[in-house]
Amino acid sequence: MSTSPPARRGRGAALPDFPWDSLAGAKALAASHPGGIVDLSVGTPVDPTPAVVADALRAAADAPGYPLTWGTPALRETVAAWFARRRGAPGVDPDGVLPTVGSKELVAWLPFLLGLGPGDAVAHPAVAYPTYDVGARLAGATPVPVDPAGGAAALEEARRAGHRVRLLWLNSPSNPTGAVLEADELARLVAWAREHGAVVASDECYAELGWDERHDASRGGLVPSVLDPRVTGGEHTGLLAVYSTSKQSNLAGYRAAFAAGDVALVRELLEVRKHAGMIVPWPVQAALAAALADDAHVVAQRERYRARREVLRGALEGAGFRVDASRAGLYLWSTRGEGSRATVDLLARRGVLVAPGDFYGPAGAQHVRVALTATDERVAQVPERLAGPG
């Protein structure tokens with residue numbers, strides 16, 4: 001009897017294989033290590049959900065009625081206040097806020113929700129989380145990888161090649177590289193998009209995790225938002241910031257996220273989402289508001305990641321790796337100057353599982369992404385494993 005999976009049909013036929021499925025062999029190899037696996041391949045939080053958030057969820061558990069797709073006014077006002085307080089972006093209109101069922105679903109469905117289709121292009125970073133590409137394909141549009149460091153010139157090159165860019169995805173801090181776009185770089189990209197009638201959606205879910213003085217919020221720095229007045233010129237037309245609390249608040253299991261920016265765009269998304277029943281459950285909305293109103297747990301979580309990052313970076317560099325970019329976010333973008341799959345296998349033999357850079361596009365083919373999301377106990381084992389024989 002054949003054990004091969006059935007052929008994919010419909011929209012699924014246009015999508016690439018799910019990349020993490022290809023790690024099964026390396027995962028099994030890492031798990032066979034006498035000390036067990038140290039899984040640094042995914043950005044899944046492992047620390048407890050903060051009590052202030054869990055308490056809010058429990059308090060809202062009696063929820064017999066349908067929640068608001070748009071979110072309560074109190075939630076949207078909390079999001080707007082958070083942008084002003086934590087992201088250097090005052091002036092966000094609560095009417096331009098929309099809760100989402102995690103941020104990945106919005107990344108995947110935004111081209112479709114905006115009405116894009118054949119003949120339209122979705123530009124996204126050349127080294128990027130795969131869902132930007134997948135979202136374009138789901139809508140029948142064309143994904144176009146561009147190097148954001150190339151700024152407007154890279155987008156202009158895509159336009160001259162015949163691509164009608166209707167949506168530009170930015171990701172700062174980047175997953176996987178940890179690179180950060182500064183306010184002046186964002187402003188130039190926004191200016192190009194506005195000139196050419198493209199929506200800019202900026203995925204900023206790692207913004208609270210800056211690691212140098214310029215971007216570390218605990219030291220007075222900020223990773224710039226696309227809604228920063230230095231970027232927008234004082235108005236949010238054509239702009240959406242997409243944010244998730246999964247990373248900063250250990251809420252991946254809650255699917256608690258939101259988009260904010262252009263009120264007209266948000267209303268357009270809202271109309272479709274109401275018809276489609278894409279609603280954040282009311283207890284999760286209450287938990288999201290509690291998470292955004294409390295800064296103390298975010299600071300504490302960032303310090304946990306900082307400590308793990310120092311251990312892992314030292315272990316990698318001591319073993320001959322180079323860490324590139326990685327100025328913010330949950331990952332160390334690392335290389336030994338060889339194919340990423342060879343590096344994955346090398347580390348798997350030492351019981352450490354990482355993600356190959358080719359998951360994120362051809363330009364990542366000699367890097368691996370090393371996540372900070374393992375317990376202190378597991379992270380503490382990595383230096384000895386990397387120092388030992390393969």
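Fair warning: this is a prediction, and the values are worked out from it, not measured in the lab.
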Taking [X] for the side chain and [Y] for the main chain, is one N or O donor matched with an acceptor at less than 3.5 Å?
| X | Y | value |
| --- | --- | --- |
| Asp216 | Glu213 | no |
| Lys247 | Gly329 | no |
| Ser249 | Leu251 | no |
| Thr131 | Ala108 | no |
| His196 | Ala198 | no |
| Arg369 | Ser41 | yes |
| Gln366 | Thr335 | no |
| Thr373 | Pro45 | no |
| Thr245 | Ala256 | yes |
| Arg188 | Gly151 | no |

Looking only at heavy atoms, which two atoms of [X] and [Y] are closest? And how far apart?
| X | Y | answer |
| --- | --- | --- |
| Ala139 | Phe112 | CB-N, 3.7 Å |
| His367 | Asp324 | NE2-OD2, 2.7 Å |
| Val323 | Ser334 | CG2-OG, 3.9 Å |
| Gly210 | Ala328 | CA-CB, 3.8 Å |
| Leu265 | Leu239 | CD1-N, 4.1 Å |
| Val146 | Ala154 | CG1-O, 4.2 Å |

Is there a path of hydrophobic side-chain contacts, each under 4.5 Å between heavy atoms of I, L, V, M, F, W or Y residues, that connects [X] with [Y]?
| X | Y | value |
| --- | --- | --- |
| Leu40 | Trp333 | yes |
| Trp169 | Val144 | no |
| Val382 | Leu316 | yes |
| Leu330 | Phe359 | yes |
| Val311 | Phe321 | yes |

One thing to verify: whether [Y] and [X] come together as a salt bridge, which I'm taking to mean a side-chain N less than 4.0 angstrom from a carboxylate O.
| X | Y | value |
| --- | --- | --- |
| Asp212 | Arg219 | no |
| Arg87 | Asp228 | no |
| Glu105 | Arg255 | no |
| Arg378 | Asp39 | no |
| Lys274 | Glu271 | yes |

Salt bridge (charged side-chain N to carboxylate O under 4.0 Å, His left out) assessment of Arg194 paired with Glu235: CA-CA 12 Å; Arg194 284 174 166 170; Glu235 52 95 18; 3.6 Å; yes
Are the side chains of [X] and [Y] in touch, meaning some heavy atoms are under 4.5 Å apart?
| X | Y | answer |
| --- | --- | --- |
| Pro224 | Leu181 | no |
| Leu98 | Trp70 | yes |
| Val379 | Leu312 | yes |
| Pro143 | His124 | yes |
| Leu288 | Leu292 | yes |
| Asp294 | Pro50 | no |
| Trp282 | Thr72 | yes |

Over 12 foreign heavy atoms within 6.0 Å of CD, Glu268: yes
Whether over 12 other heavy atoms sit under 6.0 Å from Arg214 CZ: no
Just how far is it from atom [atom1] of [X] to atom [atom2] of [Y], taken to the nearest 0.5 Å?
| X | Y | atom1 | atom2 | result |
| --- | --- | --- | --- | --- |
| Ser172 | Tyr206 | OG | OH | 12.5 Å |
| Phe83 | Leu227 | CZ | CG | 5.0 Å |
| Cys205 | Asn171 | SG | CG | 7.0 Å |
| Leu346 | Arg350 | CG | CZ | 5.0 Å |
| Trp211 | Glu310 | CH2 | CD | 9.0 Å |
| Ser340 | Tyr360 | OG | OH | 10.0 Å |

Compute whether any side-chain donor of one residue and acceptor of the other, for [X] and [Y], lie under 3.5 angstrom apart.
| X | Y | result |
| --- | --- | --- |
| Arg273 | Thr100 | no |
| Ser218 | Arg306 | yes |
| Tyr132 | Asp203 | yes |
| Glu338 | Thr343 | yes |
| Ser225 | Glu204 | yes |
| Gln248 | Tyr243 | yes |

Criterion side-chain contact (heavy atoms from CB on, under 4.5 Å) on Val190 and Thr232, from CA distance to verdict: CA-CA 7 Å; Val190 165; Thr232 67; over 6 Å; no
Audit row: Val272, Trp109, side-chain contact (heavy atoms from CB on, under 4.5 Å) steps and yes/no: CA-CA 11 Å; Val272 181; Trp109 291 111; over 6 Å; no
Intermediate values then yes/no, side-chain contact (heavy atoms from CB on, under 4.5 Å), Leu347 and Leu386: CA-CA 8 Å; Leu347 293 174; Leu386 266 57; 4.0 Å; yes
Candidate list Asp262, Thr69, Leu113, test side-chain contact (heavy atoms from CB on, under 4.5 Å), partner Leu269, passing option: Leu113
Intermediate values then yes/no, side-chain contact (heavy atoms from CB on, under 4.5 Å), Leu29 and Leu353: CA-CA 9 Å; Leu29 177 60; Leu353 185 66; over 6 Å; no
